Amino acid sequence: MDFKLTEEQLMIQQAARDFAQNELLPEVIERDDAQRFPEEEVKKMGELGFLGMMVDSKYGGSGLDTLSYVLVMEELSKVDASCSVIVSVNNSLVCWGLETFGTEEQKQKYLTRLTTGESIGAFCLSEPEAGSDATSQKTTAIDKGDHYVLNGTKNWITNGSSADIYLVIAQTDIEKGHKGINALIVEKGAEGFEIGPKENKLGIRGSDTHSLIFNDVKVPKKNRIGEDGFGFKFAMKTLSGGRIGIAAQALGIAAGAYELALKYSKQRKAFGTEIANHQAIAFKLADMHTSIEAARMLVYKAAMDKDNHENYDLSGAMAKLYASKVAMDVAVEAVQIHGGNGFVKDYHVERLMRDAKITQIYEGTSEIQKIVISRSILRD
Ligand code: COS
């Protein structure tokens, strides 16, 4: 494994770092407080090419590798995980899925808008009773010849109200189980498509999370992704890549919290010296640094597996499982190192701690990652 970054990757990393510091940091606390979607910031990320990073330039994408995408995710997440989840969903779950499995017509119509930020995408798999158990889809897409009729409810959808293009997973033929599931492209404004109220969340409060309700929504058949019955495999394959993005988000949250704690520990004095000089704090920093470095190796390895066209189901699941635990542990320790100040919003670490939690839940909980990992090692 050679993790020496190329000149181009270093430039992209620096661009993301500068953007996060100059554009995201100034109002991140206010956006979190008010649960305000970062509309202007998303536009700018579109201009910088962060929204269609791995997409071919013929569809307006940046044509970069997964490792570059991971570097951007890491830098954005150090400062604002609400922004980085928008980037992750748009890149990994929506653009990648459409580019890899969509028809040329779908790519021309939808992908070109998603890569520039003119439109944002949402990935709609979870339901009130189908989160981890993703084959138990209750939303139906009944085949009516040249179109499907979509009925049901989706839950916890990132970009729920700000997206324009929704990839919706639904059951067409219940008899066929997961082989009777389809993935459909639904546009905002379709008759019968309602956006439910916004969730009031613990973390990533700047991203908008909604339930979505479909009441007899007509979806043309040309909006189906892949062959009839490909929807569940589409969701699984797409989520495998999505997990690398979320692992990178977790890595960034951990690294961001660590950097703040390191800086603080060199400034704050107690018992006549900077607190970093106390072994109680220095050892915490040592543990944080070590676990972040280990997480980084797993995340970069998973990205490289994808770039090298190796199977990345296992490496992506391991990266997400481990990096999300590191994010949670490191963020809690960063708050501890900050003491009373850590409990106050101005110091940013309490937000990072709240944001870290979701990385152990979405795009497959830690328990689901353990299912994926254990099945893989027991099969091989
Ligand atoms: N790539 C391609 N196909 C995959 C796959 C992958 N990564 N993972 C599973 N599949 C296929 C299987 O090969 C199987 O197809 P066949 O019957 O043709 O062999 C099919 O999908 C069903 O798989 P399986 O039998 O393993 O299904 P399970 O119900 O046991 O569930 C898990 C598998 C738990 C891994 C799956 O339901 C899952 O990932 N759940 C979490 C979903 C999730 O991330 N939710 C969060 C929502 S997005 S925020």
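All ligand and atom numbering here is 1-based and tracks the order in the structure. The structure displayed is predicted, hence computed values, not measured ones.
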* **Within reach of ligand 1, part of R243 (heavy-atom separation under 4.0 Å)** =>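 Answer for R243: side chain.
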* Taking non-hydrogen atoms only, is F232 closer than 4.0 angstrom to ligand 1 via side chain, backbone, both or neither? ->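 It is the side chain that touches ligand 1; the backbone stays farther off.
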Got the closest protein heavy atom to [atom], with its distance?
| atom | answer |
| --- | --- |
| atom 34 (C) of ligand 1 | I368 CD1, 3.8 Å |
| atom 4 (C) of ligand 1 | M236 CB, 3.7 Å |
| atom 20 (C) of ligand 1 | H178 CE1, 3.4 Å |
| atom 28 (P) of ligand 1 | R375 NH1, 4.1 Å |
| atom 35 (C) of ligand 1 | V372 CG2, 4.0 Å |
| atom 40 (N) of ligand 1 | S132 O, 2.8 Å |
| atom 13 (O) of ligand 1 | K233 CE, 4.1 Å |
| atom 45 (N) of ligand 1 | G131 O, 3.3 Å |

* Test salt bridge (charged side-chain N to carboxylate O under 4.0 Å, His left out) on E127 and K154 and set out the steps. => CA-CA 5 Å; E127 298 190 351; K154 293 291 174 182; 2.9 Å; yes
* **Gap separating the OH atom of Y69 from the OG atom of S62, nearest 0.5 angstrom** =>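 Answer for the OH-OG pair, Y69 versus S62, is 12.5 Å.
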* When rounded to the nearest 0.5 angstrom, what is the spacing between CZ in R351 and OG in S82? ->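 Reported to 0.5 Å precision, the distance equals 8.0 Å.
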* Is the F193 to Y166 ring centre distance short of 6.0 Å? ->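 Yes, the ring centres sit under 6.0 Å apart.
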Which of the atoms in ligand 1, numbered in the order shown and given with their element, are less than 4.0 Å from a heavy-atom of [X]?
| X | result |
| --- | --- |
| D313 | 7 (N) |
| S126 | 47 (C) |
| S240 | 7 (N) |
| T135 | 29 (O) |
| K179 | 16 (P), 17 (O), 18 (O) |
| L239 | 43 (C), 44 (O), 48 (S) |
| K237 | 1 (N), 2 (C) |

Is [X] salt-bridged to [Y], going by a charged N under 4.0 Å from an acidic O?
| X | Y | answer |
| --- | --- | --- |
| D313 | R243 | no |
| E75 | K78 | yes |
| R268 | E274 | no |

* Asked: Do the side chains of Y110 and N223 get nearer than 4.5 Å, heavy atoms only?
  -> yes
* **N/O separation below 3.5 Å, F123 to ligand 1** =>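 F123 vs ligand 1: no N/O contact under 3.5 Å.
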* **atom 32 (C) of ligand 1 touched by protein heavy atom at under 4.0 Å** => no
* **Protein non-hydrogen atom below 4.0 angstrom of atom 25 (O) of ligand 1 present** => no
* **Hydrophobic cluster membership, Y148 vs F123, 4.5 Å side-chain cutoff** =>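 No, because Y148 and F123 fall into different hydrophobic clusters, even though each may have its own neighbours under 4.5 Å.
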* Using a cut-off of 6.0 Å, state whether more than 12 heavy atoms not belonging to Q336 lie near its atom CD. =>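 It does not: Q336 CD has 12 such atoms or fewer within range.
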* To do: Evaluate whether atom NZ of K188 has more than 12 neighbouring non-hydrogen atoms of other residues, nucleotides or ligands under 6.0 angstrom away.
  => yes
* To do: Report the relative orientation of the aromatic rings in H178 and F232; use parallel for angles under 30°, tilted for 30 to 60°, perpendicular for over 60°.
  => tilted
